[in-house]
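Convention: sequence-line order gives letters A, B, ...; per-chain numbering from 1. The basis for the numbers below is simple: all heavy atoms, side chains too, and nothing from hydrogens, waters or symmetry mates.
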2 protein chains.
Amino acid sequence: MKTTTVKDVRKLNRSLILKEFYFNGPVTRLDVSRVTKLSPATVTNIVTDLLENGVLVEEGNVESSGGRPSVLLKVNPDLGYFIGVEIGESHIQTELFDIYFSKTTQYAINDLELDLSPEHLIDLVADSIGQVLRSANLKETDILGIGLGLPGIVDPESGISIFSPSWGWNNINLSELLRRKIAIPIYIDNGAKALSVAELLFGQGQGVDEFAVLLIGAGVGGAIVHNDLLLRGGSNSAGEIGHMTLSIDGPVCRCGSKGCFEAFIGANHIFEEFGRTKDEPQPRLENRELMKKIFSNYSNPDSKERKIIQNSIQYLGAGIANLINIENPERIILGGWLGILYGEADLDLIKNVVKKYALAQSYELVDICVSNLGAEAIPMGSAAMALIDFFENVNQEDLMVIGGNRLKQRN
Amino acid sequence: MKTTTVKDVRKLNRSLILKEFYFNGPVTRLDVSRVTKLSPATVTNIVTDLLENGVLVEEGNVESSGGRPSVLLKVNPDLGYFIGVEIGESHIQTELFDIYFSKTTQYAINDLELDLSPEHLIDLVADSIGQVLRSANLKETDILGIGLGLPGIVDPESGISIFSPSWGWNNINLSELLRRKIAIPIYIDNGAKALSVAELLFGQGQGVDEFAVLLIGAGVGGAIVHNDLLLRGGSNSAGEIGHMTLSIDGPVCRCGSKGCFEAFIGANHIFEEFGRTKDEPQPRLENRELMKKIFSNYSNPDSKERKIIQNSIQYLGAGIANLINIENPERIILGGWLGILYGEADLDLIKNVVKKYALAQSYELVDICVSNLGAEAIPMGSAAMALIDFFENVNQEDLMVIGGNRLKQRN
DNA sequence: ATAATTAAATTAAGTAGTAAAATAAGTATA
DNA sequence: TATACTTATTTTACTACTTAATTTAATTAT
């Protein structure tokens, strides 16, 4: 945000203070003042505002040891709920979160048909949302926002799915399609970018200035976060690391190019290599159970599986090293169901390969780790996009409609 | 910069207004108000300040066609000068710029000895600065700042050369060494990053939100600019694209790793390939004349030179494509003496190779071009680091010492 | 029980932004 | 020449930050 006026400063500081109460609450005004470096006067001023509007509530006092006891405050737990939806190549996972992001209920659709129209997809999403609302006994007005995370290139501003590799769409306004069915603010982004939001707020990205997330599953995606801000590039495709060239004369990728990162480390490659050894028909890309079975043989030193996975890790490490050389991040987070399997199988080997290919100074800084949010972090991250907007835009205007009939839509 | 207080806003707006007068001056207060979106009242307020302190001067009126005639203002051309120093693997190029960055005089040292101590290097730099001061008949107090651009990883905050590939140094505080000899504020950074500053302020990066610069010469470096800010990563090595892996089993690079970008496209590789065909001893890396001769045969369709260069362009294109996939920039600027040769030889071929390896959506957005600042843009960019600091820190405190005895040092 | 001490929260004076009204400095015209 | 019109700049009233001073609400000591 550009801050040229005092009003911009107010908005920024309100958000800063609110985040502090959210993530570290209950805390006192003076605690917040110390952490945010804002003056106690300013904290009092903004807190008064937030209290009047019901965003914060008091929660008892801190025991005094001489002196006026300080009041503990926290974000009002009854403000509302968030819904996050992961749209995968073959499944839809819908989850409901309370204000503090405890998962309250969920609904899954698996084995989506292969050629799905945008309208049909949005019907399924709307149905899923209806399902979780019913099972939690909530109304639309109880939900502060719905986030969607999907494959491909997405423009969050307009709500348009610019390009979907899974279904071959171009320029479909999914946001608009869903808005016609549901009167809740909608947030939409690429799945890897949604995942990075989950990591930033609740996972391994907390407090890390520069990090990148790898989303490895059926396909390979990524996202880069710099000072709490997602890098989007000029047209929202920054971080799309899956089709980086690792071998100029390598095998042809499903994208048409040659020697892509994804072609070496994606589910497709592993299944193909595995299939080749067993002469079975190739399994569906999202077959996580089969993949787990393959990885369970990694510990067997003479297994074919171990050799296949170790070979892929050579490329995984080289790809991570390229990302490290270009971005110089402090942390790389391995996410996605297959990314987590890789990391859990042999993180040390991954690190050693990265070390081989990365600049020494950049390798020294970076910490490579596995996501601790599990394979299901995309719905959480999607919902968290709505939480970020809540932090940034809880201002006088919006506050008046909290709990009422929010018609304001982001897209 | 974090803007939590009204004083931060003032500093930011002062810088915004000053830049507008600098790059578009002479202009009127109202022009600046329109472009910066700041209110006329604020512009008047800040301009009054800058006028009183001699940073701005009036330059006549705009002819009125009814209404009060507006006053034209510009940055005072007599505020001072800047010095930029490029420290290369085998040369030192020192240039003096007036406030508007017209090159006033220069001094070159070529064929540096191969193993140079930091102290000896700084002696040579200080001598060079003395030379340009003498030939322009200026005193140290006439210079607003000195910028140094050098190979390797540099920490601009501390002034330390963290790692120098050319001379094998680690953690040398060059800034401190030079400060002992010269009482002018010193700014220091990696050469590719300095180049990107020149492109941002005076070259092909002007007005472009997301761009990357490739510095191709004896070695290969790079820098990424995002919303007018250089991306540094966690330890100042972001953008160091030269040792990105393009072929996991490729030839060994001088860095020790295998299949590096630099090993395929750097001067070393071209000379090696060329030498192989002629059985001559390998020329020194900085032999620009020989390289120009090689490239001059590119237009000959059957020449060995054309084949060598076209082969390197395959890798150059793949490397640029990787950068594009990760960063999604709007523009890629080819710089450095060898980078300019590549671009002038066959920009169309480069673009076609990039197209082959990049995501279609990212390729569609990006514009690949050749630097128009020439092969000598690093001294300019180095000096421009001081200009940026001038924009950002011309505030009450600093203004009082302009033209006087500035002892304030950045590092 | 009252006074002193301590620490939290609030109020006050100063600075810097905006929007809107007022003023300034011209040209055009009756 | 005087009035109307235009356009640039400045002043005014209001908001939101800071630091410093004050008020508030407890504990501790006499």
Side-chain angles (χ1 to χ4, degrees), chain A residues 1-18 20-21 26-53 56 58-73 394-397 399, chain B residues 1-18 20-21 26-53 56 58-73 394-397 399:
Chain A
M1 196 179 103
K2 59 174 196 295
T3 35
T4 51
T5 80
V6 281
K7 297 234 166 165
D8 298 330
V9 173
R10 177 67 162 195
K11 193 175 164 186
L12 225 59
N13 287 342
R14 186 195 291 265
S15 163
L16 194 64
I17 288 173
L18 186 53
E20 191 53 34
F21 280 112
V27 284
T28 70
R29 289 171 177 83
L30 227 52
D31 290 335
V32 171
S33 162
R34 274 186 289 264
V35 173
T36 60
K37 317 268 185 189
L38 291 167
S39 72
T42 298
V43 175
T44 287
N45 187 327
I46 289 178
V47 163
T48 302
D49 221 18
L50 292 171
L51 271 171
E52 277 170 6
N53 287 293
L56 295 179
E58 295 192 352
E59 175 157 287
N61 288 19
V62 170
E63 200 65 2
S64 164
S65 57
R68 177 172 174 173
S70 50
V71 178
L72 286 166
L73 297 143
V394 175
N395 55 28
Q396 244 82 335
E397 294 81 63
L399 281 174
Chain B
M1 196 179 103
K2 60 174 195 295
T3 35
T4 50
T5 81
V6 284
K7 297 232 166 164
D8 298 329
V9 173
R10 177 68 162 196
K11 194 174 163 187
L12 225 58
N13 286 343
R14 187 195 290 266
S15 163
L16 194 64
I17 287 173
L18 186 53
E20 191 53 34
F21 281 113
V27 284
T28 70
R29 291 171 176 82
L30 225 54
D31 290 335
V32 171
S33 162
R34 274 187 289 264
V35 174
T36 60
K37 317 268 185 189
L38 291 168
S39 72
T42 299
V43 175
T44 288
N45 187 327
I46 289 179
V47 163
T48 302
D49 221 17
L50 293 171
L51 271 171
E52 276 170 6
N53 287 294
L56 295 179
E58 295 192 352
E59 175 157 288
N61 288 18
V62 170
E63 201 64 3
S64 164
S65 57
R68 176 173 176 175
S70 51
V71 179
L72 286 166
L73 298 142
V394 176
N395 55 28
Q396 245 83 336
E397 293 80 62
L399 282 174

Original post:
Base, sugar-phosphate, or nothing for A:Val71, non-hydrogen atoms under 4.0 angstrom?
Top reply: sugar-phosphate
Subject >> Nearest to side-chain heavy atoms of A:Thr28, which nucleotide of C:dA16, D:dT19, C:dA9 >> reply: C:dA9
**OP:** May I have the distance from B:Asn45 (atom CG) to D:dT11 (atom C1'), rounded to whole angstrom?
**Re:** 11 Å
Subject >> Whole-Å distance separating the NZ atom of B:Lys11 from the C1' atom of D:dC17 >> reply: 17 Å
Original post:
Atom CG of B:Leu51 to atom C1' of D:dT10: distance rounded to whole Å?
Top reply: 14 Å
Original post:
How would you list all residue pairs meeting salt bridge (charged side-chain N to carboxylate O under 4.0 Å, His left out) that involve residues 35-48 of chain A, not counting sequence neighbours?
Top reply: none
**OP:** Send over the distance from B:Leu12 CG to D:dC17 P, rounded to a whole Å.
**Re:** 16 Å
Subject >> Closest listed nucleotide, where the reference is the side chain of B:Arg10 and the choices are C:dA16, D:dC17, C:dA9 >> reply: C:dA16
Subject >> Whole angstrom value for the distance that separates P of D:dT6 from CG of B:Asn61 >> reply: 21 Å
Subject >> Side chain of A:Ala41 - closest among D:dT10, C:dT11, D:dT15 >> reply: C:dT11
Original post:
Side chain of B:Ser70: nearest nucleotide among D:dC17, D:dA20, D:dA8?
Top reply: D:dA8
Original post:
Under the 3.5 angstrom rule, does the side chain of A:Ser33 hit a backbone N or O of A:Leu38 as a donor-acceptor pair?
Top reply: yes
Original post:
Which nucleotide in the set C:dA9, C:dA19, C:dT15 lies at the smallest distance from any side-chain heavy atom of B:Ser39?
Top reply: C:dA19
Original post:
Roughly how many Å is it from CG in B:Asp49 to P in C:dA16, rounded to a whole number?
Top reply: 8 Å
**OP:** May I ask you to say what B:Leu30 touches in the nucleic acid, namely base, sugar-phosphate or nothing, with a heavy-atom cut-off under 4.0 Å?
**Re:** base
Original post:
Which comes earlier along DNA chain C counting from the 5' end, the contact point of B:Pro69 or that of B:Val9, where each point is its nearest nucleotide?
Top reply: B:Val9
Subject >> Phosphate contact (C:dA9 OP1 or OP2) by A:Arg29 side-chain N/O below 4.0 Å >> reply: yes
**OP:** Round to a whole Å and report the spacing from NZ of A:Lys7 to P of D:dA13.
**Re:** 18 Å
Original post:
Taking C-beta and beyond as the side chain, do B:Val32 and B:Leu16 meet within less than 4.5 Å on heavy atoms?
Top reply: no
**OP:** Tell me which nucleotide among D:dC17, C:dA9, D:dA20 gets nearest to the side chain of A:Asn13.
**Re:** D:dC17
Subject >> Matching residue for B:Val47 among B:Val43, B:Thr44, B:Asp49, B:Asn45 - test: side-chain contact (heavy atoms from CB on, under 4.5 Å) >> reply: B:Val43
**OP:** Could you tell me whether the phosphate oxygens of C:dT10, OP1 or OP2, come under 4.0 Å of any side-chain nitrogen or oxygen in A:Thr44?
**Re:** yes
Original post:
Is the closest side-chain donor-acceptor distance between A:Thr5 and A:Asp8 under 3.5 Å?
Top reply: yes
Original post:
Over how many whole Å does the gap from A:Asp8 atom CG to C:dG17 atom P extend?
Top reply: 12 Å
